[in-house]
Q: 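Below are the structure tokens for one structure; questions will follow.
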Amino acid sequence: MLGFAPIAFAAPWVLTALAALPVLWWLLRVTPPAPRTVRFPAIRLLRDLVAPEETPARTPWWLLLLRLIVAALVILALSGPLLNPRAALPGGGPLLLVVDNGWAAGRDWPARKRAMDALIAQADRQARPVILLATAPPAGGEKPQPSPTLPAPEARRLAQAMEPLPWPTDRAAALEAVRGLSSRAAQGSVHAVWLTDGLGDRSARALAEGLQRLGSAEILDDSAAKPPHLLLPPATEGTALTARVTRADASRPEPVTVRLAAADGRLLTRETVAFEPGQTTREVRLDVPTELRNDAASLRVEGDTTAGATILLDERWRRRPVGLVSGRPEGESQPLLSDLYYLDRALSPFNEVRRGGTLDLLKRDLAVLILSDIGALTASESQGVEEWVRKGGVLLRFAGPRLAQHADQLVPVRLRIGDRALGGALSWSEPAKLQPFAAKSPFEGLAIPPDVQVNRQVLAEPALDLADRTWARLADGTPLVTSEKRGDGWIVLVHTTASPDWSNLPLSGLFVDMLRRLVALSGGVTGAASAAALDPVEVLDGTGRLVPPPPTAFPIPGNATASVIGPRHPPGFYGTDDARRALNLSSAVTKIEPLGALPGGVARSGYDGRGEVPLKPTLLGLALALLTVDLLIALALRGLLGRPSLGRRAGAGAAAALLFVLALSVPDPARAADDAQAVKVTAETFLAHVRTGDSGVDETAQAGLEGLVAMLNLRTAVETMGAVGVDPERDELAFFPLLYWPVSDRQSTLSDQARTRVNEYLRGGGTILFDTRDQAPGGGSAVLQRLVDGLDIPPLAPVPPDHVLRKSFYLLTDFPGRSAGGELWIEAREGPANDGVSPVVVGGNDWASAWAVGRTGQPLFAVVPGGERQREMAYRFGVNLVMYALTGNYKADQVHVPAILERLGQ
């Protein structure tokens, strides 16, 4: 390598071609061909004429200079010039690249590949071989081993094929491999570069010291600019999921966003929390409706594409709806003695509890049906429940006086008539306690409080399979909980009451835990883990994406824990498509820590902080631009672009063309984008939203208007081409008939220039929908009042019942969005200006979220409380609003058509 201050040349021998430029000067001079002699008899007539002396034309000097500059630029580019070249690698032996390619490396793997490529290119310039060592175990499960000593081109191909892996690194094994490299160091002192993932462990410092003993060591670490995060499995709290985010470096503040998504990629909700200095763990609470939470399939940290920042959700995190039916009227006893009271208190924190009649509850999606002291069901009820259970439902029954006297066929075992009670014919001398739960029981592992006892129960008739159907027993061996598998569902009977009448079990925490295990039977989740193998269905790759399982992925035992995670059992979904079990990396890796202190003499820098800039692309691009200028000049000299320009005029034209090309090489992207958008929106009809500066709000507004545009084109004659975002500070607003303005507290106050532009838009016939997204009455949002300060906003009033906005396309009584119930406000007195259209519409129902659709056309956000019916009404409001903005009072005038036709005699 040849260097001159801040510039060096990777292939300096190419510069010798500059000596040939004088020869090129001579070769590039163009002399017209000599005239051909054509024998023609009439030439004798011109024999005595004296021909004037003519000088053949040659290529102008300035054109020759232009071509020589192009040749010089190409020669300089091929010599590999580098700006701010790196210093030569220390030592004279191989370059050793130690690469952390475990789960934490996936968050910015392209930067690691660029760093590896740059280091290998530097070794190639110094004619030094390369050794690669990945610290994560390969897919086959072997220990990390270094590659052979390779030439730089082969090492580059090996490095490009390297990918991050979704399991932890094994630095202890990598340290053993480094110690075995001492024999290769005989070729010269090794320079080792460790591309670390920024996480520390017990072997990190020892590995750095081992690399330093080979010669010299350097560490690349980007954890300061892009810290890794670990997302721990969430806990269920009522209708919410509460997840914990852990980070290694607690030295600075940092916002983190967690998103909950469905299996098809739909965003269900997202929440942002802020780490304060000194904090390593933060909790994130995600509230979603029950119907949407049951669709949840993954939880991810935005921008952190790793298996550790991804949680896969299976049936264990679903919130299952449970129906309650009691055989006793609720008003028959005091509330604290009601069986439904104790069931509701035990189930509500973890499930959606519904009450009603048996058949009414089965008309909705239901996971578990609980019948408390229901005797014999009617024929229609019995048939409906039987069919529902066989399709996968769980019927849970509690005993009582009615069931003891009138048992039907929807019980798991045959029951004796009557019940067993203290002091009765079938009685025991003192209250019975519970036996420890058997291994096959879904209650296995639950601790039994010593004060739990049973005073009364219904008895099961002896049978050969009674023991197999028993999940819980009393101390004397009599069954307390029995079960039967019917079709795809279960029938479970608790042989005592759900109230404290027969037992104090409902007063204990064991009652809550037992109910949670029983509810977990629904949706394909078995109560007890089976030892049967679960095949891999989908696994996470090194960047946190679900991919088909590779051939090296093996099944896991049904009772396996997260400790099995590794090359043979990567994190992902196991089981079947219908019954999946999630195996998450963060169930095994529960904490992370920074890399920590390093031995003295080890350099440390980031992946992109080395400063070397290759100039070859820039020089080749400039040479191509000058060649284009040369082509234009050549065409002009030949007369193919109009009258040829010679001499001074041609030189001036060439200089102007050159300046034009150089000016084009530094375009103004903002102006070009504005011009392109202006041309686009004036040719067709577009809707627009105001960019607030809040990326989440702006993305939702864009997706919402795109969903509304699709609905307009589908249902109406309006041909709307799309939606764009605008900035009132610099964009022209007059191109758009309707402007959707979501109110965000992150939006700054408008400048005087922006206020003037918005006021001109309102006076010129434009309509703005201000959406506070908080249902503030009368547009009373403090943020909205700050934004509209200085705008020409007319007095506002709620939309009257007979207003044209309620009937411009659909007949509407209210205007729901993602939420419902808020007022919609328009100009109090619509005058003749603006064709009778209110220039301002104000509401707070978050319409964009209701309209928003993803790339596949699926809704992005839940609509509550009305569900899809409410979303349909939100779309209808959007259609009415656009028709109102486009047609003005035309729709209102249509009410007078019958009277006009009558007067005309038609």
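We're numbering straight along the sequence, starting at 1.
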Q: Before accepting this row, confirm whether a basic side-chain N of the pair R871/E868 lies closer than 4.0 Å to the acidic partner's carboxylate O.
A: yes
Q: Measure the CD-OG1 distance between E706 and T720 for me, rounded to the nearest 0.5 Å.
A: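 E706 CD to T720 OG1: 12.5 Å, rounded to 0.5 Å.
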Q: Please report the shortest heavy-atom distance between L230 and S586, naming the atom on each side.
A: CD1-CB, 3.9 Å
Q: Out of W847, Y740, W741, which residue meets the ring-ring contact (aromatic ring centres under 6.0 Å, His included) rule with F770?
A: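 Answer to the ring-ring contact (aromatic ring centres under 6.0 Å, His included) test with F770 among W847, Y740, W741: W741.
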Q: Answer yes or no: is there an ion pair linking R247 with E254, defined by an N-O contact shorter than 4.0 Å?
A: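 E254 and R247: salt-bridged.
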Q: What's the verdict on side chain to side chain donor-acceptor pair (under 3.5 Å) for D846 and S849, showing C-alpha distance, side-chain angles and the deciding distance?
A: CA-CA 6 Å; D846 195 5; S849 295; 2.9 Å; yes
Q: Does the pair D694/R746 count as a salt bridge with the N-to-O cut at 4.0 Å?
A: yes
Q: Carefully, step by step, assess V864 and R818 under the rule side chain to side chain contact (heavy atoms under 4.5 Å, CB included).
A: CA-CA 6 Å; V864 291; R818 189 182 185 187; 5.5 Å; no
Q: Taking 4.0 angstrom as the limit, do K226 and D304 come out as a salt bridge?
A: no
Q: Whether R580 engages the ring of F573 as a cation-pi pair (distance to the six-membered ring centre under 6.0 angstrom, angle to the ring normal within 45°) should be assessed.
A: yes
Q: Quick check for you: to the nearest 0.5 Å, what is the distance between D249 atom CG and T280 atom OG1?
A: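 If I round to the nearest 0.5 Å, the distance is 10.5 Å.
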Q: Is E163 salt-bridged to K113, cutoff N-O under 4.0 Å?
A: yes
Q: Can a salt bridge be assigned to the pair R107 and D222 using a cut-off of 4.0 Å between side-chain N and carboxylate O?
A: yes
Q: Give a yes or no on this: more than 12 heavy atoms of other residues, nucleotides or ligands lie within 6.0 Å of atom CZ of R545.
A: no
Q: Using a strict threshold of under 4.0 Å (side-chain N to carboxylate O), is an ion pair present between R691 and D731?
A: yes
Q: Using every non-hydrogen atom in the two residues, find where A346 and L515 come nearest and quote the distance to one decimal.
A: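 Nearest heavy atoms, A346 then L515: CB-CD1, 3.6 Å.
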Q: Of the non-hydrogen atoms in R581 and L534, which two are nearest, and what is the gap between them?
A: CD-CD1, 3.9 Å
Q: Using distance alone, with no hydrogens and no angle criterion, decide if T257 and T272 have a side-chain donor and acceptor under 3.5 Å apart.
A: yes
Q: Is it true that the side chains of D100 and T196 contain a donor and an acceptor less than 3.5 Å apart?
A: yes
Q: Considering only NZ, NE, NH1 and NH2 on the basic side and carboxylate oxygens on the acidic side, decide whether R244 and E283 come within less than 4.0 Å.
A: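 So R244 does not pair with E283 through a salt bridge.
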Q: Where do L595 and L199 land on the side chain to side chain contact (heavy atoms under 4.5 Å, CB included) test, with the steps shown first?
A: CA-CA 5 Å; L595 191 59; L199 299 182; over 6 Å; no
Q: Can D197 and R112 be said to form a salt bridge (charged side-chain N to carboxylate O under 4.0 Å, His left out), step by step?
A: CA-CA 9 Å; D197 56 15; R112 289 161 171 76; over 6 Å; no
Q: Ignoring hydrogens and geometry, is there a side-chain-to-backbone donor-acceptor pair from E729 to S751 under 3.5 Å?
A: yes
Q: Does R266 pair with D264 as a salt bridge, N-O distance under 4.0 Å?
A: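 Counted as a salt bridge, because a side-chain N and a carboxylate O are separated by less than 4.0 Å.
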